[in-house]
Protein chains: 4
Amino acid sequence: MPTNSKKKTQVTASPARRRELLDTAAEVFAAQGYNATTVRKIADRAGMLAGSLYYHFDSKESMLDEILSAFLDELWQGYDAVLAAGLGPRETIEALVTESFREIDRHRAAVAIYQKESRHLAAQPRFHYLTDSQQKFEKAWLGTLERGVSDQVFRPDLDIRLTYRFVRDTVWVAASWYRPGGQHSPEEIARQYLSMVLDGIAVRT
Amino acid sequence: MPTNSKKKTQVTASPARRRELLDTAAEVFAAQGYNATTVRKIADRAGMLAGSLYYHFDSKESMLDEILSAFLDELWQGYDAVLAAGLGPRETIEALVTESFREIDRHRAAVAIYQKESRHLAAQPRFHYLTDSQQKFEKAWLGTLERGVSDQVFRPDLDIRLTYRFVRDTVWVAASWYRPGGQHSPEEIARQYLSMVLDGIAVRT
Amino acid sequence: MPTNSKKKTQVTASPARRRELLDTAAEVFAAQGYNATTVRKIADRAGMLAGSLYYHFDSKESMLDEILSAFLDELWQGYDAVLAAGLGPRETIEALVTESFREIDRHRAAVAIYQKESRHLAAQPRFHYLTDSQQKFEKAWLGTLERGVSDQVFRPDLDIRLTYRFVRDTVWVAASWYRPGGQHSPEEIARQYLSMVLDGIAVRT
Amino acid sequence: MPTNSKKKTQVTASPARRRELLDTAAEVFAAQGYNATTVRKIADRAGMLAGSLYYHFDSKESMLDEILSAFLDELWQGYDAVLAAGLGPRETIEALVTESFREIDRHRAAVAIYQKESRHLAAQPRFHYLTDSQQKFEKAWLGTLERGVSDQVFRPDLDIRLTYRFVRDTVWVAASWYRPGGQHSPEEIARQYLSMVLDGIAVRT
DNA sequence: TATGAATGAGTTTTCATTCAT
DNA sequence: CATGAATGAAAACTCATTCAT
C-alpha cells in the first residue's frame, strides 16, 4: 500500500537500483539535513551526475517522501502487531520500545531525517501522513500509559502527557548517535533504556 | 580608544536593536531550520528589508554564531555554578536538570537550533566551540554519574554512557515542544522528569 | 571655470575640507580602481561614516568628476603656456614632457585614475570633456611631431601616429610607479626620458 | 583514472566551449574593467543566462584567473626561448620586444586586463603568480640592459631602472590601442618601436 | 557637520530541474 | 540509463544613497 502512487514515478527502473539510490540519499539527508543536501551531493555519492537522478525519481522531494513513507510503513507493521497482541501495559511499552530500537537499527537514516524534518514538513499537504502517523503514535502510547496507571502498574502521580513526550523523544533521538553494528544490539539498548524508564536509575532505598 | 577599523560589525551599535533582531532570527531559525530560513524571512518579521540586516550583522552565519554562543555562555554560567557547589551526585544531577530546563525556558529557540544544527555545524572551524562545549558537558555528566555509582547512589548495573545519552537527549529535546508561559513551569517539568529518571515510572513492587 | 556648476554641489562646505576629502578619495580610487572603491572605504580613511560624505559631495561619481576635471584644468594651464611660447619642435616636446612629469608629481593619483578609467568613462555624457581634452592633446602632440619632421629636426621615416602613441603612453603610465619625494625629481625623470626618446638608448656608431 | 571528486570545475568538460567563453569574458573584462563587468554581461554576449556560466567555471574570479594564467604561460614560453638563445644584448632586446608585440597580437584582451588589474590583484594570494611573473620579467630585462651597458652596446649614462620602466610600460600599454588585423603587423610595430627606443626620434647631428 | 539606520537596486552564486543526445 | 549543457528562480550579500536626529 504505497503512500503515493499518483504521478508517473518511473517504476520502469529496477527496484534494486532505486533502493540503493534512496539509501544513499537518506544517508546524506540524515548527515547534512534535507535542505542543506544538494541533489549533486547525492549524485556524487551514487557515482552519477545530478541530472541522472531524474531518470529514477521525479524530484528531490519525492526521494524524501519515499524514504519517509517506506520507513513509516515498516514501523507501523511492527507497531500494529504489538498493539494487536493484547499484552498488558508494561509489556506493551516494553514491546514498543524494543520495536522502536529495531527500527532505528534498520532505518537509522530515515529516523534521523524524521526527527529533524518532520515538524516543518508536516505543514505541506504532501506530508500530511506524517501528522497522521504522529497522532496514531500518540494515541497508542498515551492509551497504554493510561491503562498502566489504571491497572496500577505505573505510578499514579505521573503527568501522562509529559511522560509520553519524554519517552517518545528519548527513544527516537537515539537515532542521532546509534551506529548499526556497534557494541550494543538494539535489544540490549532497549533493555537498558526500559530499565531506566521503568525502574529509575537511583538505587531503591 | 582606537576606532574599530576592523571588518567586525560595530558591536558599538545599539545592543538593544541587535538583541531584538537576534531574537527574531532565533525564532525563525528554530521554526524552519537554519538552512531553510532565508534572510528575507527574518527581515520580514523584523519589519525591514533583507539588505538592512547587513547593517547590524555581517552574515546570516554570524547571526547564528551569536545566537548559539550567547546561549552557551549563559548555560555554562549556570552549570559551572552547580558543579562548583560541591553537591552529592544525585543532587548534582537534580540541579543540572533543573538548570537545563530553566535555560530552555529562557532560550528556547537557541536550544532548538542547537539541537538541530550543532552536529553538522561543528565541522566548521567557526563553530568548533560547539564541540568544546559538548565535551565539557559530557565530562560533567559522565563524572557525576560515575560518582553516583561509586557512592552507591545510582544502580551499579547502569551502562554509564548509554544513560548519559538518554538523559542528555531527553532534557534538551524538550525544547522542541516546550512553550514558555505554558501550564508547566521549568521547575515543575524538571521535577517530573527527575522523578521518572531517578525512580522510574513503574510502581515499586 | 569649473567644469560643472549645475546641481547644488554644496559649496557651503569649507573648500579646504573638500580638497582633503578629494585627495583621500583620489588616493583610494588610484589604488583600487574606481569601481572597486566603495564609498565606505573612502569614508573610513577620512575618519567618518559613509553617509557623511554626502554632506560634501552629491555622489561618488561627482567626486571622480571633480578630481579629474581639477587635474585637467591644471594640466591645460601648463600645456597652453608651453604651446603659446613659440618654441621649436624639439624644445616644445621637451617642455611638454617636462610639464607632464610635473603634473604627475603634483596629481599622481588623478593621473593614475585618468589612465585606468578615462576610456570607459568617456562614453558617459558627463565625462565628455575627457574626450575633448584627449583630442586637444593629440592635436598638440601630432602637430609638434609633424612640424619636427618638416623642419628636419625629427627623423623623416617616423610613423607619426605610432610615435605619438608610444610617447604619450610612456609619459603617463609613469604615474603608476612614480612616488613623489622619491629619488628622482620630475625634471630629472623628464631629462632621462627625453634623452631616451630623442637620442635612443643605443650608443652612436 | 580516479573520478575527479574535488571541487574543481570539470576541466574534462569540452575545452573548446571553455575557450570560447573565456575569450568572450576576456573581451568584456578588457573593455569595461573586471569590476565593472557583471557576470550577466558576459553571459549575454555568450548567448546564455548568467547562472549557466557556473556550469563551466566556478566563479567570475576563476575566469579571470584562467585568462591571465593562460596568457602568462604562453608569454613565458616565448620569452624563455628568447632568453635561452644566447643572443647579444641588443638582439635580445629586439627579440623580447618583438615577442611582446606578438603576444599583444594574440592575447590583446588578456594583456589589457593584465595592465589594468594586475597591481591590485597581486595582493590576493590566488594571484601571487602575477608578482612572481613580474619579478622574473624585471630580472630578464634589467639583466639584458646591464649587459648591454657593460658590452658598450647601450649608452653608459642610462639609469637602468628608469629605462626598464619606460620600455616595459610602452610595450604593454600598446595593448590598449592595438587592434589585431589593423594596418600594422606586430612585427612592423616592433620595428618602429625599437627604432625609436634604440636610435631615438631626433635626427643625428 | 556628522551619525545611525535604513532603502532598493543590483551583483554573484546556488541549485533543482529539464532535455536533446 | 546516463551525460552535458543549459534554464530560471531564488538566495546571500553589497553598496550608493537618503534622511531624521
Side-chain angles (χ1 to χ4, degrees), chain A residues 10 12-14 17-18 21 34-43 46-63, chain B residues 9-10 12-14 17-18 21 35-43 46-63, chain C residues 10 12-14 17-18 21 34-43 46-63, chain D residues 9-10 12-14 17-18 21 35-43 46-63:
Chain A
Q10 301 88 327
T12 11
S14 87
R17 188 83 178 103
R18 279 179 81 76
L21 293 172
Y34 174 71
N35 277 290
T37 299
T38 68
V39 169
R40 202 167 165 278
K41 272 185 211 150
I42 301 171
M48 49 170 48
L49 291 178
S52 310
L53 280 172
Y54 287 78
Y55 178 80
H56 302 277
F57 307 98
D58 41 52
S59 72
K60 181 183 166 190
E61 201 185 65
S62 80
M63 290 188 232
Chain B
T9 311
Q10 326 71 324
T12 358
S14 163
R17 189 81 179 105
R18 278 177 82 76
L21 293 171
N35 278 291
T37 299
T38 69
V39 167
R40 206 168 154 276
K41 272 184 213 151
I42 301 172
M48 48 168 46
L49 291 177
S52 308
L53 280 172
Y54 289 81
Y55 178 77
H56 302 275
F57 307 99
D58 40 50
S59 69
K60 181 183 163 190
E61 200 185 68
S62 79
M63 289 188 230
Chain C
Q10 301 88 328
T12 11
S14 89
R17 189 82 177 104
R18 277 179 82 76
L21 292 172
Y34 173 70
N35 277 291
T37 299
T38 68
V39 168
R40 201 166 166 278
K41 272 184 212 151
I42 301 171
M48 49 168 51
L49 291 180
S52 309
L53 280 172
Y54 287 79
Y55 178 79
H56 301 276
F57 307 98
D58 42 52
S59 71
K60 180 183 167 189
E61 202 184 65
S62 79
M63 290 187 231
Chain D
T9 311
Q10 326 71 326
T12 0
S14 163
R17 189 84 179 102
R18 278 178 82 76
L21 293 172
N35 278 292
T37 300
T38 69
V39 168
R40 205 167 155 275
K41 272 184 212 151
I42 301 172
M48 47 168 48
L49 291 176
S52 307
L53 281 172
Y54 289 79
Y55 178 77
H56 300 276
F57 307 98
D58 38 51
S59 69
K60 181 183 164 189
E61 199 185 68
S62 80
M63 290 189 231

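What you see is a predicted model; the values in this text were computed from it and never measured. The sequence lines fix the lettering, A, B, ..., with proteins before strands; numbering per chain opens at 1.
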Pick the closest DNA chain E nucleotide for B/Ser52 and for A/Val39 by heavy atoms, then say which residue is nearer the 5' end. B/Ser52

How close do C/Asn35 and D/Ala36 get, counting heavy atoms only, and between which atoms? ND2-CB, 3.4 Å

Reckon D/Arg17 has a side-chain N or O less than 4.0 Å from the OP1 or OP2 of F/dA6? yes

Distance, nearest 0.5 Å, that separates OG1 of C/Thr38 from NZ of C/Lys41: 5.0 Å

Considering only E/dT3, E/dT13, F/dG8, which nucleotide approaches the side chain of D/Leu49 most closely? F/dG8

Given E/dT17, E/dT12, F/dC13, which nucleotide is nearest the side-chain atoms of D/Tyr54? E/dT12

Considering only heavy side-chain atoms of D/Ala50, the closest of E/dT13, F/dA12, F/dC15 is E/dT13

A/Met48 side chain, from C-beta outward: closest of F/dA2, F/dA12, F/dA16: F/dA2

Checking base pairs now: Watson-Crick or wobble, both atom distances under 3.5 Å. What partners E/dT12? F/dA11

State the OH-CZ distance between A/Tyr55 and A/Arg17, to the nearest 0.5 angstrom. 11.5 Å

Rounded interatomic separation in angstrom, taking NZ from D/Lys41 and P from E/dG10: 12 Å

Earlier contact from the 5' end, DNA chain E, for C/Leu53 and D/Gly51: C/Leu53

When both hydrogen-bonding distances must be under 3.5 Å and the geometry is Watson-Crick or G-U wobble, what is F/dC19 paired with, if anything? E/dG4

Measure CG/B/Asn35 against C1'/F/dA12 and give the value in whole Å, please. 12 Å

Choose from F/dA5, E/dT17, F/dT18 the nucleotide whose nearest atom is closest to any side-chain atom of D/His56. F/dA5

What nucleotide, of F/dC13, F/dA6, E/dA2, holds the atom closest to the side chain of D/Tyr55? F/dA6

Pairwise distance CE(C/Met63) to CG(C/Leu21) - rounded to 0.5 angstrom: 8.0 Å

